[in-house]
Amino acid sequence: MKLLIEQRVFAWGDTYDIYDEGGAVKYMVKAEVLALGHQMHVYDAQHNEIGQIKQKLLTVLPKFDIIIHGQSCGRIEKKFTLFCPEYKIDFNGWRIEGDLLGWDYDVYSGNDRIMHISKELFHWGDTYVIDIANPSDELYGMMLVIALDAANCSNGD
C-alpha cells in the first residue's frame with residue numbers, strides 16, 4: 001500500500017496533506033507557530049488528533065519525539081555526518097538506511113524491509129511516497145516520514 005505526503009508550500013509552518021492510493025485525504029499535519037523548534041499535530045481525515053511530533057529544544061542536532069494516541073513511541077535524532085544524512089532511531093524497533101543524497105530510504109525491522117520512502121523531485125514543497133508492506137505499519141510509517149522531514153528542515157537542509 002502507498003501513501004503520498006505533500007507539504008503545503010504557502011502555509012505558515014509545516015503543514016502536510018497525506019493521501020491514500022485513491023487520492024483521498026487520509027491524514028493532515030499542522031504545525032504550531034513556535035519561536036524555537038517544531039511541534040506538529042497529526043489529524044485523521046475526521047480532524048481527530050491522533051499524534052504529535054515534538055522537537056527537543058537546546059540540542060546540537062535535531063531530535064524529535066513521536067507521540068501516538070497520547071503515548072510516547074520513540075525518538076528520532078539526526079547524526080552528525082558530512083555527506084549522507086543519517087539518523088539514530090529509537091522507534092518501533094526499526095532502523096533506517098538511505099542513499100547518498102538522502103532522498104530515498106528503506107526502513108527495516110530486523111532484516112525485513114517494511115517500508116520504502118522516496119522523495120519526489122520537481123515539486124513546490126517536499127513530497128514523499130511511502131510504500132508500506134504491512135497496512136498495520138501505516139500510521140507509524142507516516143509519523144516517521146514527517147519526523148525525518150522535520151529533522152532535515154531543522155538543520156537547514
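Because the structure is predicted, anything quoted here is derived from the model rather than measured. Quick note: numbers below take in every heavy atom, side chains included, and nothing from hydrogens, waters or symmetry partners.
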Test item: R95 side-chain N/O and G110 main-chain N/O as donor-acceptor pair under 3.5 Å: yes
By side chain to side chain donor-acceptor pair (under 3.5 Å) - contacts of D17 (at least two apart): R8
Salt bridge (Lys or Arg N to Asp or Glu O under 4.0 Å) against K79, all qualifying residues, sequence neighbours excluded: none
Y16 and M40, any side-chain heavy atoms less than 4.5 Å apart: yes
Heavy-atom closest pair, residues L3 and D20: CD2-CA, 4.1 Å
Between CZ on residue F91 and CD1 on residue I68, distance to nearest 0.5 Å: 4.5 Å
hydrophobic_cluster_shared for V129 and I146, side chain cutoff 4.5 Å: no
ILVMFWY cluster, I114 and Y128 together (side-chain gap under 4.5 Å): yes
Atom pair CD (E32) and CD (Q39), whose distance is rounded to the nearest 0.5 Å: 4.0 Å
Interatomic spacing from CD in Q7 to OG1 in T15 - rounded to 0.5 Å: 8.0 Å
V25: side chain to side chain contact (heavy atoms under 4.5 Å, CB included) partners, not counting sequence neighbours: Y19, M28
Candidate pair L144 and I89, rule side-chain contact (heavy atoms from CB on, under 4.5 Å), full reasoning: CA-CA 9 Å; L144 175 65; I89 296 179; 4.1 Å; yes
Minimum heavy-atom distance F64-I53, with the two atoms named: CD2-CG2, 3.7 Å
Gap between atom OH of Y108 and atom CZ of R113 - 0.5 Å precision: 6.0 Å
Partners passing side chain to side chain donor-acceptor pair (under 3.5 Å) against N134 (at least two apart in sequence or in another chain): S136
Apart from I67 itself, residues in the same hydrophobic cluster as defined by side-chain heavy atoms under 4.5 Å: none
L4 reachable from Y105 in the ILVMFWY side-chain graph, under 4.5 Å edges: no
Partners meeting salt bridge (Lys or Arg N to Asp or Glu O under 4.0 Å) with K63 (sequence neighbours left out): E77
Nearest heavy atoms of I130 and M142, plus distance in Å: CD1-CA, 4.0 Å
K2 side, atom NZ; S118 side, atom OG - distance, nearest 0.5 Å: 7.5 Å
Pair L148-I96, side-chain contact (heavy atoms from CB on, under 4.5 Å): steps then yes or no: CA-CA 10 Å; L148 289 170; I96 191 166; 3.4 Å; yes
Salt bridge (Lys or Arg N to Asp or Glu O under 4.0 Å) partners for K26, two or more places apart: E138
Shortest non-hydrogen contact between L61 and F80, atoms and distance: CD1-N, 3.3 Å
Smallest separation among heavy atoms of M1 and P135, with atom names: SD-CA, 3.6 Å
Any residue meeting side chain to side chain donor-acceptor pair (under 3.5 Å) with N48, in chain and number order, not counting sequence neighbours: D44
Those residues that, when tested against Y27, pass ring-ring contact (aromatic ring centres under 6.0 Å, His included) (two or more places apart): none
Results of side chain to side chain contact (heavy atoms under 4.5 Å, CB included) for H69 - residues two or more places apart only: I50, L139
From OG1 (T127) to CD (E6), nearest 0.5 Å: 5.0 Å
All side chain to side chain contact (heavy atoms under 4.5 Å, CB included) counterparts of Q71, not counting sequence neighbours: none
Partner set under salt bridge (Lys or Arg N to Asp or Glu O under 4.0 Å) for D137, not counting sequence neighbours: none
Atom of K56, atom of D65 and distance for their closest heavy-atom approach: CE-OD2, 2.9 Å
